[in-house]
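Some notes on the structure that comes next.
All residue numbers in this chain count up from 1 along the given sequence.
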Amino acid sequence: MGQLKNTVELLGYYGSDEVICCSAWTSTSRKLTDEKRARIPKMINMLWSEGHETPFEKGVVHFLVNVDQASHIHLLKHRISSFNGESARYKELKEDKYYIPEDWKDIKRTDFVPLKAAEQFVVIQSWADTLREYTEKGNALYHQCLKDLTPVLGRKRAKESARFFKTYNSQIQADVMFNMRSFANFLKLRNSEHAQLEIREIAAKMLECVKNIEGNPFKYTLEAWGIK
C-alpha cells in the first residue's frame with residue numbers, strides 16, 4: 001500500500017449535553033422540564049468550571065485511526081481511554097502502510113556526496129526520499145525474515161520477532177474511545193503547540209469530527225472547555 005497520511009474517522013458517539021446534565025441532576029431529580037432544558041448551557045459550564053467532572057464521563061466518542069507508531073504510543077499513554085489496535089504479533093502486516101512527514105519534503109541531505117565534478121546532473125537526495133527508501137527496505141526485510149523464521153521458530157515467534165524490522169513510521173489501525181472527561185484531557189495535552197506535530201494533527205481531526213456531529217450534541221460541553 002505504501003505511503004499514506006494519518007487519518008481519523010468518527011465511528012460513533014453516546015450521550016449529549018442533556019445526558020451529562022441528567023447524570024448530575026440524579027442527585028436531586030432527573031425529571032426533565034422545559035425550565036431545566038433551558039438551564040443546560042449554564043449547568044454544563046458550572047459543572048466543568050467548578051470541577052464536577054464525573055457527569056462528563058457519561059458522554060463518549062469513538063474513533064478509528066490510521067497512525068504512525070509514534071502517534072500510536074502517544075494515544076496509548078492516555079490510560080483512561082479504551083484502545084485496541086492492529087498487532088504484528090498476531091498477524092502479518094501485509095499492507096506496509098507508512099507515514100512520511102510532509103514538512104521534510106524539500107529538506108536536502110547535506111551528507112550526500114556528489115559524483116565526479118564532470119557529472120553535470122547530480123540529484124541531491126531529500127530526507128523524505130531517504131526515509132521512504134529506508135522504510136521500504138525494512139518492510140522487504142520484515143516479510144523475508146518472517147518467511148525464513150517461520151519453519152524454524154514457528155509462526156507465532158516468527159511474527160512477534162520479525163516485526164523488529166518495522167520502522168517507527170509504520171502505520172497501524174486502531175480503535176480508540178474516550179469519555180468526554182478523558183477527551184478533554186487528551187485535547188489539552190495533544191491539541192497543543194507543545195505536542196508533536198503528528199499527534200496534534202490527529203487531536204485536531206478528532207475535535208473537528210466531534211464538532212461536526214449532526215445536531216451538535218456536545219455544543220455546550222465544548223464551549224465550557226473554551227472551544228467554539
Salt bridge check: are E223 and K219 linked by an N-O gap of less than 4.0 Å?
yes
If you measure only the distance, is there a donor-acceptor pair under 3.5 Å linking the side chains of N6 and D68?
yes
Taking it one step at a time, do E160 and K156 satisfy salt bridge (charged side-chain N to carboxylate O under 4.0 Å, His left out)?
CA-CA 6 Å; E160 68 184 12; K156 179 179 181 298; 3.6 Å; yes
Do V8 and L189 belong to the same hydrophobic cluster, where Ile, Leu, Val, Met, Phe, Trp and Tyr are linked whenever their side-chain heavy atoms lie under 4.5 Å apart, directly or via other members?
no
Mind checking whether F63 and F178 have parallel, tilted or perpendicular rings, split at 30° and 60°?
perpendicular
Just checking N212: does its CG atom have more than 12 heavy atoms from other residues, nucleotides or ligands closer to it than 6.0 angstrom?
yes
Report the relative orientation of the aromatic rings in W48 and W225; use parallel for angles under 30°, tilted for 30 to 60°, perpendicular for over 60°.
tilted
Are a donor atom and an acceptor atom from the side chains of R200 and S192 found within less than 3.5 Å of each other?
no
Any chance you could measure S126, atom OG, to D106, atom CG, to the nearest 0.5 Å?
8.0 Å
Determine whether the side chains of N66 and K97 contain a donor N or O and an acceptor N or O closer than 3.5 Å.
yes
Indicate whether the side chain of N139 and that of K166 have a donor and an acceptor atom separated by less than 3.5 Å.
yes
Closest approach of A24 and S27, non-hydrogen atoms and distance?
O-OG, 3.1 Å
Are E201 and K205 within salt-bridge range, i.e. N to O under 4.0 Å?
no
Which pair of non-hydrogen atoms, one from Y220 and one from I44, has the smallest distance, and what is that distance?
O-CG2, 3.3 Å
Under a 3.5 Å threshold, yes or no: a donor from one side chain and an acceptor from the other, between S71 and E198?
no
Strictly by modelled atom types, are S182 and N185 linked by a side-chain donor-acceptor pair under 3.5 Å?
no
Electrostatic pair D17:R37 at N-O distance under 4.0 angstrom:
no
Taking the basic N atoms (NZ, or NE/NH1/NH2) and the acidic carboxylate oxygens, is any pair closer than 4.0 Å for R39 and E35?
yes
Testing the 3.5 Å rule here: is there a donor-acceptor pair between the side chains of T135 and N169?
yes
Does R30 count as lying over the ring of W25, i.e. NZ or CZ under 6.0 Å from the six-ring centre, within 45 degrees of the axis?
no
Could you state the interatomic distance from NZ (K137) to OG1 (T167), rounded to the nearest 0.5 Å?
13.5 Å
Apply side-chain contact (heavy atoms from CB on, under 4.5 Å) to V67 and I199, showing your working.
CA-CA 9 Å; V67 295; I199 192 64; over 6 Å; no
Between I100 and A128, the two heavy atoms sitting closest are CG2-CB, 3.9 Å
First locate atom NZ of K77, then atom NE2 of H72, and finally report the distance between them rounded to the nearest 0.5 Å.
12.0 Å
Ring centroid separation for Y142 and F165, is it under 6.0 angstrom?
no
Check this for me: does any side-chain nitrogen of one of R163 and E92 sit under 4.0 Å from a carboxylate oxygen of the other?
no
I'd like to know whether L32 forms a side-chain contact (heavy atoms from CB on, under 4.5 Å) with E18, so could you lay out the CA-CA distance, the side-chain angles of the two residues, the decisive distance to 0.1 Å, and finally the verdict.
CA-CA 9 Å; L32 278 175; E18 184 176 292; 3.3 Å; yes
Show, in sequence, the C-alpha distance, side-chain angles and deciding distance for T7 and I202, and conclude whether the side-chain contact (heavy atoms from CB on, under 4.5 Å) test is met.
CA-CA 7 Å; T7 62; I202 289 163; over 6 Å; no
Are Q69 and Q171 close enough, and set up right, to give a side-chain hydrogen bond (donor to acceptor under 3.5 Å, both in side chains), and what steps lead you there?
CA-CA 6 Å; Q69 291 288 358; Q171 289 175 310; over 6 Å; no
Heavy-atom closest contact (K94 atom, H143 atom, distance)
CA-CE1, 4.0 Å
What closest approach, in Å, do P55 and S23 show between heavy atoms, and which atom pair accounts for it?
CA-OG, 3.8 Å
Does K159 use its side chain to pair, donor to acceptor, with the backbone of Y90 at less than 3.5 Å?
yes
